[in-house]
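Have a look at the structure below before the remarks.
We name chains A, B, ... by the order of the sequence lines, and we start the count at 1 in each one. Only heavy atoms go into these numbers, but all of them, side chains included; no hydrogens, no water, no symmetry mates.
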Protein chains: 4
Amino acid sequence: MPRRPPPSRRRAPRQERAQATCDAILTATARVLLKDGYEAASTNRIAQEAGVSVGSLYQYFPSKEGLVTALMEQHRARGLADFEAGLVPLASQPLPVAMRALIRQVIMVKRENPRLHQVLHELMPRMRQWGLSDIYSQRLFRLVRAFLAPRFEELRPRNLDMAVFVLVNAVEALCHTAVTDRPDYLEDESFVEEVAALALGYLRPEPATAAPRRTARERVVRM
Amino acid sequence: MPRRPPPSRRRAPRQERAQATCDAILTATARVLLKDGYEAASTNRIAQEAGVSVGSLYQYFPSKEGLVTALMEQHRARGLADFEAGLVPLASQPLPVAMRALIRQVIMVKRENPRLHQVLHELMPRMRQWGLSDIYSQRLFRLVRAFLAPRFEELRPRNLDMAVFVLVNAVEALCHTAVTDRPDYLEDESFVEEVAALALGYLRPEPATAAPRRTARERVVRM
Amino acid sequence: MPRRPPPSRRRAPRQERAQATCDAILTATARVLLKDGYEAASTNRIAQEAGVSVGSLYQYFPSKEGLVTALMEQHRARGLADFEAGLVPLASQPLPVAMRALIRQVIMVKRENPRLHQVLHELMPRMRQWGLSDIYSQRLFRLVRAFLAPRFEELRPRNLDMAVFVLVNAVEALCHTAVTDRPDYLEDESFVEEVAALALGYLRPEPATAAPRRTARERVVRM
Amino acid sequence: MPRRPPPSRRRAPRQERAQATCDAILTATARVLLKDGYEAASTNRIAQEAGVSVGSLYQYFPSKEGLVTALMEQHRARGLADFEAGLVPLASQPLPVAMRALIRQVIMVKRENPRLHQVLHELMPRMRQWGLSDIYSQRLFRLVRAFLAPRFEELRPRNLDMAVFVLVNAVEALCHTAVTDRPDYLEDESFVEEVAALALGYLRPEPATAAPRRTARERVVRM
DNA sequence: TATGAATGAGTGTTCATTCAT
DNA sequence: TATGAATGAACACTCATTCAT
């Protein structure tokens, strides 16, 4: 029982001019969102910024909600496509190599336009409230799952779904939080190393507790 | 150039009755925020829910912003105090034991009132926008730093600040995301195990890689 | 299954000042409706005319619809009360006397403020569209029915309900149309006579048609 | 100071195709008016329903107002023509026969498309507001007047104009109100009888007050 | 001639905040 | 101190109409 089709578009632009208008509006939305945040971003303001009239805005987008949703979708679709494109050549790489590359890519993407990423990120709860299922998260999840599945036997975790949940969310959160709280980390190669260490340390089988016998106490402490 | 003092309180309640009013308002704010979200939570509505007049509300809080800030502060102060209280007896425990205990505690706290946690979490960007520095995050950071510092020598990471950043944010994000996306995980003991594995795997020294010598480059690449 | 309670009031005014505001708004509504008609009567315009802010308007009335409904109700309640008051002393009067008096009263009422009557009359379809059942029409119907019932035996019509429908609507329509199309009739005593003749001629038993007997069919056809 | 010529048409369609377009628009207007009412009937919506562009609509009609006026005119012209056609063969019939036939016809016409009749009826005040004189009412009036004039000597009323006003408006109102409030009456042959009784009772000379003499007082009372 | 993209004034309504009582 | 009536700027959104193509 689907609630309603994603109300992000009202009608497809037929003429070339219309497509341009449509794009201008979306771009302006991003700009205004950046400058003023969601609340302060009025549709009139956005239209003005786009150099069109409010009427035109509502010709292509059914509501402010829909407009923002459309922007979000565009953004996430691109992000996901990039991610997938980056993932393909890494399929055959050793895990550590691939992991570092992926993390680096995630950071690069966010570094491109940190404010936009941040703003859209903060918009996500609202989207959920609007009843939009987050198909992009699901696709990302499936992508990572497919990437991990072939090597899962050699890794420590036994619950693939949970492992993907842990990895995806931890990495995403770290990269995102860095944008906001520690932008310097984004430029710091050792940050990539640490995030990779987190991911790889999570997946790596625990060390066969070797030779010299230890008391339980020692074993626990030493880790 | 100090922005302005945190605008959370207009004036301290002197009389007992006033304190009660103040509490009632804060409680009502939480209730309304839960039910309706931030936008739909009007000050009139909150006052009504608290059983006082809007006028009274504005006697104790200078603005809606201030009201929400006060609630947030109360909430975070409590959370931090709890965390600190839980941390003390763990100082002498082996790391894995302590880590599991801490993670369990974080989850428990969120499980208590997931919706409130979620709502307040989603309010944080707005706080930042209001120019409030997040002193609680800083204190949490210092707490964990102090907890980790004595054992840091035996652990893998070499940058303590970055390690704390990584751990705090990864754990927090996982627990928080689980509230929203996978509430079932909150009841699942194996989720605690996985989050602990993530943290401990991150801190654990890499296994002494035996025999054949490698170049630094190689070492970095392999897992 | 009643759709919703008549949405005419938001909250009752407690203080004296509030009651005054409320009245001022209703009065202003009538004034603006008169001048500009329903569509052109914006709520901001009405508030201005009432000398209050829009906000106050919406404190007492939940919507433009509700505001107009309230005005209509006030108006019709008064009209009906007047009608009932006029009807009581006529109960014992001979029918023709009573009928003329009633018609005269209906005309008088409309003559008092013809434009307002007209505007509100034209608003009625919209009310129906809003799903408001017209309780005043029903009460009027019952009133007239009760007035007619005791003498119904001596009258021609055999279906009391239909007779009331015919009388009420014919008289009302004539008086109303006269307001719009022939205001001069409202001042013309012979118009009262004619409307009364219409009503009485309708109720009066057909003259005993003398001599040659006829079939039922024939009787229906002849005059 | 002539207001302006009836703004119902912008220019007469010359080509056949143009006439078809014009008709399509008018038909669509009726359809949309039926479905959505006047306010909700936007010109874009109407154009869409007609399968043409808004631009084309404005090529044939100067405004929404004009469009609706044109529809109204078409509709009333037809109604009047029908009425006139029905009237001709009745000229030589006895009054009661003719009256019943006419009333029956009025009801039939409304029964055909009750919603459209209702919608257009409710639009009439707006037309008046637009400054359009209602030439169809006038023609109807003249038609009925001409019908009644030859027999007027034998009837009770002494003011022909007023009698026509009373008859036309009473019959019209009853039939129209029945459409809205008592659609069952439209199917009820006895309703025709009652309306006819109303009209004929109005026209019929008062019964020759027979034999036993009465005081004026008595006469009035007795009816 | 037909199209449909573009316009923008104008609408109903909300809500944080003030201040007379 | 407490009240709650009053405020009014601001918002999302519509729709009759125009005009470049």
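In this view, A:Glu122 and A:Gln118 satisfy the side-chain hydrogen bond (donor to acceptor under 3.5 Å, both in side chains) rule, not counting sequence neighbours. For D:Ser56, the side-chain hydrogen bond (donor to acceptor under 3.5 Å, both in side chains) criterion is met by D:Ser53, not counting sequence neighbours. A search for salt bridge (charged side-chain N to carboxylate O under 4.0 Å, His left out) contacts involving C:Arg128 returns D:Asp181, not counting sequence neighbours. Checked against side-chain contact (heavy atoms from CB on, under 4.5 Å), C:Ile135 has the following partners two or more places apart in sequence or in another chain: C:Ser133, C:Arg139. For D:Asp134, the salt bridge (charged side-chain N to carboxylate O under 4.0 Å, His left out) criterion is met by D:Arg76, not counting sequence neighbours. Residues that satisfy the salt bridge (charged side-chain N to carboxylate O under 4.0 Å, His left out) test with A:Arg126, not counting sequence neighbours, are A:Glu39, B:Glu39. Partners of C:Arg45 according to the salt bridge (charged side-chain N to carboxylate O under 4.0 Å, His left out) rule, which considers only residues two or more places apart in sequence or in another chain, are C:Asp36, C:Glu49.
A cation-pi arrangement is absent between D:Lys64 and D:Tyr58, since the terminal nitrogen or guanidinium carbon is not both under 6.0 Å from the aromatic centre and inside a 45° cone about the axis.
Between D:Ser63 and F:dA16 there is no side-chain N or O to OP1 or OP2 distance below 4.0 Å. Taking 4.0 angstrom as the limit, C:Tyr60 places a side-chain polar atom (N or O) nearer than this to OP1 or OP2 of F:dA6. Note on B:Tyr58: a side-chain N or O is less than 4.0 Å away from OP1 or OP2 of E:dT17. Regarding contacts with the backbone of F:dG4, every side-chain N or O of C:Gln59 stays at 4.0 angstrom or more from both OP1 and OP2.
Taking a 4.0 Å limit (strictly below) on heavy-atom distances, residues 31-49 of chain B does not reach DNA chain F anywhere.
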**OP:** Taking Watson-Crick and G-U wobble pairs with both distances under 3.5 Å, convert DNA chain E into its dot-bracket string, 5' to 3', dots for unpaired and | for cross-strand pairs.
**Re:** .||||||||||||||||||||
